[in-house]
Chemist: 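I'd like to ask some things about the structure below.
Chain A is the first sequence line, chain B the second, and so forth, proteins listed ahead of strands; every chain is numbered from 1.
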Number of protein chains: 2
Amino acid sequence: MDFIKNSTFNITYRKMDDKKNPKHCGACISKMPIFNSLTEEQIDLINQVRCRVKFNPGEVIFKQGTAMTHIIVINEGLVKVYIEGIDNRNLILRFVKPVSIIGGPGFFTDYKNHVTTMAVEETSACFIDIQTLTDIIKQNKDFAISLLQWVNNHTLLNYYKFIELTQKGMHGRIAGALLYLHNDVFKEQNGEISIKRQDLADLTAMSKESAIRILKELKDENIISVDGNTIILNKIDNLNNISFRG
Amino acid sequence: MDFIKNSTFNITYRKMDDKKNPKHCGACISKMPIFNSLTEEQIDLINQVRCRVKFNPGEVIFKQGTAMTHIIVINEGLVKVYIEGIDNRNLILRFVKPVSIIGGPGFFTDYKNHVTTMAVEETSACFIDIQTLTDIIKQNKDFAISLLQWVNNHTLLNYYKFIELTQKGMHGRIAGALLYLHNDVFKEQNGEISIKRQDLADLTAMSKESAIRILKELKDENIISVDGNTIILNKIDNLNNISFRG
DNA sequence: TGGAATGATTGATAAATATCAATGCGTTAT
DNA sequence: ATAACGCATTGATATTTATCAATCATTCCA
């Protein structure tokens, strides 16, 4: 099971990320409230069908437009979830860190991926096929309700994002994005976050140059410190004010 | 049941909208795919607990921030669903016409209304309490899946809206909004739609003056005709082009 | 070690969009 | 009738934001 035979080239190679592959995925699942209602049997079933894969930074996990055959659980690393929009412009919806599930609005609708998911750091993810998941949902109504709760939570975040993107100026959006990264993505890292300029622009729906300029202003006012992709938030209160004022 | 005693003023008055109140709500429910999987008993239950109310234009049905105690079904009229954002600016998420259900992301999460729903035309709506609906969901897994499908469909529309609002210029957004109103809201009305200027601005996340100016340009090019709140789409292809180009 | 590629930065400029103020125009209330 | 109100319109202007072009730094690779 841990070794895969590639018959085309007649090579036996070790399954990727095998060393860190825990014996049973109950450990991961226990960290996600959405799976609270699963029975032992259902967890076992997931454990049997799941497939763990490692991705390097920049590698696409799901591509927008392809068939949605699996959902994934991020075990390690960091990924960004974004919509590929007009003229090669992307809109980053969120960053996802371990341990979290990534689904999509294609589930129960057209079974397509409507976003692209890309590894930002070295990432390992478990793939769980839609059919298994559907079977479990049909067996377990509490799990269905958990899913509804999960989706509704995301809808709520989308509502906030609508206001963030359409009713705030660039300063407010950048401050909001930095706070989001601090509070939700790079927690417990002492106010230190890490993001590429283009990603910051894609997260706030502005041009890269504009994002850089706002960042520079914040740096000049000592509200943040910048070193490459690392940004240190020196004055959170100040950022909160800027974000709030818009 | 059709008459309500108001004890404070000792007046017996006819329940609003009583005349048009159908005997049983099966008729409405049959028009909404989301309710396909309900049993006769479950439809009867909804029929017993629902409460039909009429609203005048401009009246708020649900107010953002209040407790979410019911979902509604729009039977007649037209409502707008919008987020109340910053500095009294609103963002209209969608218009809803009969027969459709209006829920919200508060369901299964914090049980609050995260949007405001307002009647645009004279509207009648049936209120169904959350508890009854929850009971039915727990009885009927297919209904739970229908709900998931419904929510996911809305998420997908929200994704389109993200791109619409953040990656298109004002011309594209106005054209897109006019086409949305034509295709989804004022269907089968010969290309004639009706909307206030402020609502068009709130739908496209721009100032009212900007919306008016774009509208005037389109009128000067004979792409649309304007008479008060009535707008006639003369050249749909042209609007599609403008919307597509952004 | 010298490109070549990638990403960050800056300045100059143009384009997009909002704001402000004034006016007009119906409808409603007194 | 007249005032008051809400909504639409227009012009002038200010602000916001994107684009373009050039430069710089860093890494990676042959």
Chemist: What residues, two or more places apart in sequence or in another chain, satisfy side chain to side chain donor-acceptor pair (under 3.5 Å) together with B/Asp110?
Modeler: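 Result, side chain to side chain donor-acceptor pair (under 3.5 Å) vs B/Asp110: B/His114.
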Chemist: Relative to the 5' end of DNA chain D, which residue comes earlier, A/Arg173 or B/Arg213, by the nucleotide with the nearest heavy atom?
Modeler: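 Here B/Arg213 is the residue nearer the 5' end.
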Chemist: Does A/Glu76 pair with A/Arg52 as a salt bridge, N-O distance under 4.0 Å?
Modeler: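 A/Arg52 and A/Glu76: salt-bridged.
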Chemist: Roughly how many Å is it from CD in B/Glu217 to P in C/dA15, rounded to a whole number?
Modeler: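 After rounding, the reported distance stands at 15 Å.
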Chemist: So how far is it from B/Ile83 CD1 to B/Asn90 CG, rounded to the nearest 0.5 Å?
Modeler: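 Those atoms lie 9.5 Å apart.
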Chemist: Residues in side chain to side chain donor-acceptor pair (under 3.5 Å) with B/Lys31, at least two apart?
Modeler: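 B/Lys31: no side chain to side chain donor-acceptor pair (under 3.5 Å) contacts found.
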Chemist: What do you reckon, is CZ of A/Phe244 surrounded by more than 12 foreign heavy atoms closer than 6.0 Å?
Modeler: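 At most 12 heavy atoms, drawn from other residues, nucleotides or ligands, come within 6.0 Å of this atom.
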Chemist: Please, which pairs that meet ring-ring contact (aromatic ring centres under 6.0 Å, His included) have at least one residue in residues 179-220 of chain B, sequence neighbours excluded?
Modeler: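 For residues 179-220 of chain B: none.
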Chemist: Check nucleotides 5-8 of chain C for protein N or O atoms closer than 3.5 Å to its own N or O atoms and list the pairs.
Modeler:
unit_1	atom_1	unit_2	atom_2	d
C/dA8	OP1	A/Arg197	N	3.1
C/dA8	OP1	A/Asn229	OD1	3.4

Chemist: Mapping A/Glu209 and A/His171 to their closest nucleotides on DNA chain D, which lands nearer the 5' end?
Modeler: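 The answer here is A/His171.
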Chemist: Quick check against the 3.5 Å criterion: does B/Thr116 have a side-chain atom that pairs as donor or acceptor with the backbone of B/Tyr82?
Modeler: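 No.
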Chemist: Under a criterion of less than 4.0 angstrom to any heavy atom of chain B, what are the 5'-terminal and 3'-terminal contacting nucleotides of DNA chain D?
Modeler: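 From 5' to 3', the first and last contacting nucleotides are D/dC7 to D/dA12.
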Chemist: Residues of residues 83-96 of chain B with any non-hydrogen atom less than 4.0 angstrom from an atom of DNA chain D: list those, numerically ordered, please.
Modeler: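 Heavy-atom contacts with DNA chain D come from no residue of residues 83-96 of chain B; none.
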Chemist: Mind grabbing the angle between the end helix axes of the helix from C/dT1-D/dA30 to C/dT30-D/dA1? Five pairs an end, 10° rounding.
Modeler: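 Comparing the axis at each end, I get an angle of 30°.
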Chemist: Please tabulate, one pair per line, all N/O donor-acceptor pairs under 3.5 Å involving side-chain atoms of residues 223-238 of chain B, not counting sequence neighbours.
Modeler:
unit_1	atom_1	unit_2	atom_2	d
B/Ser225	OG	B/Asn234	ND2	2.9
B/Asn234	ND2	B/Asn222	O	3.4

Chemist: Backbone N or O of B/Asn56 within a donor-acceptor pair of the B/Glu59 side chain at under 3.5 Å?
Modeler: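 Yes.
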Chemist: Mind checking side chain to side chain donor-acceptor pair (under 3.5 Å) for B/Lys219 and listing every partner two or more places apart, or none if nothing turns up?
Modeler: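 Scan of B/Lys219 (side chain to side chain donor-acceptor pair (under 3.5 Å), adjacent residues dropped) gives none.
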Chemist: Quick one: side-chain contact (heavy atoms from CB on, under 4.5 Å) partners of A/Thr69, sequence neighbours excluded?
Modeler: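 A/Ala67.
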Chemist: According to side chain to side chain donor-acceptor pair (under 3.5 Å), who are the partners of B/Thr166, at least two apart in sequence or on a separate chain?
Modeler: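 Testing B/Thr166 for side chain to side chain donor-acceptor pair (under 3.5 Å), a comparison that skips the adjacent residues, returns none.
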Chemist: Between A/Asp220 (CG) and C/dT10 (C1'), how many Å, whole number?
Modeler: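 These atoms are roughly 13 Å apart.
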Chemist: Residues in ring-ring contact (aromatic ring centres under 6.0 Å, His included) with A/Phe162, at least two apart?
Modeler: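 ring-ring contact (aromatic ring centres under 6.0 Å, His included) list for A/Phe162, sorted by chain: B/Phe162.
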